[in-house]
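Heads up, the thing below is written out as structure tokens.
Both counts, for ligands and for their atoms, begin at 1 and track the order of listing. The first residue in the sequence is number 1, and the count goes up from there.
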Amino acid sequence: LRNLRECDHLVDRILHCVAEPFEVAPGHPVTLTASIGVRTVPPDDADPDTLLRQADQAMYAAKQEGRGRAHRFDPDLDRQVVARRDLIARIRAGLSLGEMCLHFQPIVDLATGEVCFAEALVRWRRADRGMLSPGEWIPAIEGTDAMAELGDWVLEEALAHCARWSAHGLCAGVSVNVSGFELRDPAFAERVRTALARHPGSPPSRLRLEVLESAALTDMALVTRTIEECAAIGVHFSLDDFGTGYSSLAYMKRLPVTTIKIDRSFVADMLTDPGDRAIVTGVVELARVFGRQSVAEGVETQEHVDALRELRCDMGQGYGIAPPMPADEFEAWAKARSPGMPARARG
Ligand code: C2E
Ligand code: MG
Ligand code: MG
């Protein structure tokens, strides 16, 4: 072969030959399809075993793409696949080594100032790399069993903290992010129920679950059923990052969520951008009409608080109120905010 085009031609000819119908017996035509994996050398040479493994891998990719076609092995893609596999393994190890921890960010009632919930935000403390935010590594495990393992751990940990706050006289609830992948598990509500049973100090009304609007909620019927099953045990949902997905209004109308969290991209500029202010105003009104509570994310200044109060947005969360904090700092913060008057979680 002199070039890759020649290779493609050759592979096409093989596929065409194989696809020619032939008769196994008179009047019984049979057609076959083939999937071909191609690995060319050079550029990067490798030992024969590796080359065969890579060709095999390309063949599986061809099958996945719909059979009857060829796929050429891509060394860059392979490096990415290997890197992702390593990261997933490292995350799993991190979980069992106790490297994950939760930070909590207050969600407050904008009218009364009381602390309604604390959003649990996972952090990964790696000895070699310091504290990693979820955006740096959660995407790698989305859609894998490691996501479910992390989700279980986060839920347990969040409920344990919530029960502890409660025992210390602080009645704030806890709001936990769940991925679209976790939510598609038909046993999800059961997992939540089991976790709650292990933490009787943390009643269901104190737990809220956040699902990203941009999460591929492909099976609306299944997701709706899961949300309803959770509601039946007293656990309600928030639609997170509202306004960033493809079908915001359809979700708002059809998903039986209790709370709408307005994405911080709209809130951030609402003081200077009339368009963003109009969106925030509209979403707050829409939430009210649909009987949902509204939460503004990314409340960065006191001016945001004042403007949102004026719009009668129910709750706010953001650096202007408080940043995410370790659990004990959150507890101290919440107590100092309303001395002698325990905050009440809204259900
Ligand atoms: P999110 O659920 O929308 O969480 C809010 C994010 O906005 C947090 O980033 C928080 O630190 C940040 N934030 C809070 N206030 C402000 C503000 O005033 N201004 C700005 N610019 N940002 C603010 P974080 O902790 O990096 O989390 C990023 C995302 O990772 C979360 O977005 C959530 O989707 C995901 N995530 C976090 N923890 C978990 C988890 O336990 N499970 C799952 N599935 N996802 C998680
Ligand atoms: Mg969230
Ligand atoms: Mg959000």
Salt-bridge test for [X] and [Y]: reply yes if a basic N is under 4.0 Å from a carboxylate O, no otherwise.
X	Y	value
Arg90	Glu99	yes
Arg184	Asp219	no
Asp306	Arg309	yes
Arg79	Asp76	yes
Arg225	Glu228	no

Hey, are the side chains of [X] and [Y] touching, using non-hydrogen atoms and a 4.5 Å cut-off?
X	Y	result
Pro106	Met325	yes
Arg72	Leu4	yes
Leu239	Thr259	no

May I ask you to identify, for [X], whether its side chain, its backbone, both or neither come under 4.0 Å of ligand 1 on a heavy-atom basis?
X	value
Ile138	side chain
Gln317	neither
Val154	side chain
Leu150	neither
Asp240	side chain
His103	neither

Exercise for the section: Could you verify whether a donor N or O on one side chain and an acceptor N or O on the other, from Arg84 and Gln80, lie under 3.5 Å apart? Expected result: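 Not at all, the side chains of Arg84 and Gln80 share no donor-acceptor pair under 3.5 Å.
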Exercise for the section: Indicate whether any N or O donor in one side chain lies under 3.5 Å from an N or O acceptor in the other, for Glu156 and His199. Expected result: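 The criterion, which ignores hydrogens and geometry beyond distance, is satisfied for His199 and Glu156.
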Which of the ligand 1 atoms, numbered from 1, are nearer than 4.0 Å to a heavy atom of [X]:
X	result
Val122	38 (N), 39 (C), 40 (C), 41 (O)
Met147	44 (N)
Pro324	11 (O)
Arg264	6 (C), 7 (O), 12 (C), 20 (C), 21 (N), 22 (N)
Glu300	17 (C), 18 (O), 19 (N), 20 (C), 21 (N)
Glu297	3 (O)
Gly298	17 (C), 18 (O)

Ignoring angles and geometry beyond distance, decide whether [X] reaches within less than 3.5 Å of ligand 1 through its nitrogen or oxygen atoms.
X	value
Asn177	yes
Tyr319	yes
Gly135	no

Practice task
At a cut-off of 2.8 Å, list the protein N/O/S atoms near the Mg ion (ligand 3), residue plus atom name.
Solution key: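 Metal shell, protein only: Asp240 OD1, Asp241 OD1, Glu297 OE2.
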Exercise for the section: Would you check, one step at a time, whether the test side chain to side chain contact (heavy atoms under 4.5 Å, CB included) holds for Arg193 with Val235? Expected result: CA-CA 9 Å; Arg193 205 188 57 74; Val235 177; over 6 Å; no
Handout entry: Mutual orientation of the aromatic rings belonging to Phe104 and Phe330 [parallel < 30°, tilted 30-60°, perpendicular > 60°]
Key =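 Aromatic pair Phe104/Phe330 classed tilted.
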Exercise for the section: Look at the aromatic rings of Phe188 and Phe237 and report parallel, tilted or perpendicular, splitting at 30° and 60°. Expected result: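 Plane angle between 30° and 60°, so tilted.
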Handout entry: N/O/S from Ser238 sitting under 2.8 Å away from the Mg ion (ligand 2)
Key =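 It does not; every qualifying atom lies at 2.8 Å or beyond.
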Problem - Donor-acceptor contact present, side-chain Gln293 to main-chain Thr258, <3.5 Å - result: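 No; judged by distance alone, with no hydrogens or angles, the pair does not exist.
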Exercise for the section: For the pair Glu136 (side chain) and Ser133 (backbone), establish whether a donor and an acceptor sit closer than 3.5 Å, ignoring hydrogens and angles. Expected result: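 Checked: pair present.
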Distance from [atom] to nearest protein heavy atom, with residue and atom:
atom	value
atom 26 (O) of ligand 1	Pro134 CD, 3.7 Å
atom 31 (C) of ligand 1	Leu121 CD2, 4.3 Å
atom 3 (O) of ligand 1	Asp241 OD1, 3.1 Å

Handout entry: Working for side chain to side chain contact (heavy atoms under 4.5 Å, CB included), residues Glu297 and Asp263
Key = CA-CA 6 Å; Glu297 302 182 322; Asp263 188 65; 3.6 Å; yes
Handout entry: Heavy-atom nearest neighbour of atom 14 (C) of ligand 1 within options Arg123, Gln105, Glu213, His304
Key =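 Looking at heavy atoms only, Gln105 sits closest to atom 14 (C) of ligand 1.
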Problem - Pairing residues for Glu119 by the side chain to side chain donor-acceptor pair (under 3.5 Å) criterion, not counting sequence neighbours - result: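 For Glu119, the residues satisfying side chain to side chain donor-acceptor pair (under 3.5 Å) (neighbours in sequence not counted) are Asn177, Lys261, Gln317.
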Exercise for the section: Looking only at N, O or S atoms, find the one in Glu119 nearest to the Mg ion (ligand 2) and name it. Expected result: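 For Glu119, the N/O/S atom sitting closest to the Mg ion (ligand 2) is OE2.
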